[in-house]
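The structure appears right after this line, and notes come after that.
Computed from heavy atoms alone, side chains included, the values below leave out hydrogens, waters and symmetry copies.
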Amino acid sequence: FQSESGIRDFCRSRGVGDEYKGQGCHAYDDVLIGPAIQDIQAMYAGNAEAIVSYINAPFKIRPDYPEMPAQNYLDAETQLAVAQYLLQVR
């Protein structure tokens, strides 16, 4: 993907675009069920592959948050696109 809009379009085509970024467990700059996307961006600092690894087999990182359910129902290409989208969304 060459741009954020390309990643966003790809995610939307698989039903995980804007809904994924904040309507469920994560908001961009606020805590919902999980940490803010800004915190995820800081933690993973451009490492989309590490996000993919985590979402496939999540483990408890933060004591104040529940463990994230696995997102392994997404195919590998979609997982990477979602991870890239999370790292680039503003």
Do you know the tightest heavy-atom contact between Asn56 and Gln79?
-> ND2-OE1, 2.8 Å
Taking all atoms of both residues into account, what is the closest heavy-atom pair of Gln88 and Gln41, and its distance?
-> N-NE2, 4.1 Å
For Tyr44 and Glu49, indicate whether the former's side chain and the latter's backbone hold a donor-acceptor pair under 3.5 Å.
-> no
If you group Ile, Leu, Val, Met, Phe, Trp and Tyr by side-chain heavy-atom gaps below 4.5 Å, do Val82 and Tyr28 land in one group?
-> yes
Point-to-point distance, once rounded to the nearest 0.5 Å, from OH of Tyr54 to CG of Asn47 = 14.5 Å
Please name the pair of heavy atoms, one in Leu32 and one in Cys25, separated by the smallest distance, quoted to 0.1 Å.
-> CB-O, 3.4 Å
4.5 Å side-chain heavy-atom contact, Gln84 and Ile51 | no
Do you know the tightest heavy-atom contact between Ala83 and Val52?
-> CB-CG2, 4.0 Å
Cluster link Phe59 to Ile40, ILVMFWY, side chain under 4.5 Å = yes
Drop me the distance from Asp39's CG to Asp30's CG, to the nearest 0.5 angstrom.
-> 10.0 Å
Any donor-acceptor pair under 3.5 Å linking the side chain of Gln71 with the backbone of Pro58?
-> no
Okay, side chain of Gln38, backbone of Asp29: is any donor-acceptor separation there less than 3.5 Å?
-> no
Correct closest heavy-atom pair for Thr78 and Asp75 would be N-OD1, 2.9 Å
Looking only at non-hydrogen atoms, find the nearest pair between Tyr65 and Val31 and report the distance.
-> OH-CG2, 3.4 Å
Under 4.5 Å between side-chain heavy atoms, hopping through other hydrophobics if needed: is there a path connecting Met68 to Ile61?
-> yes
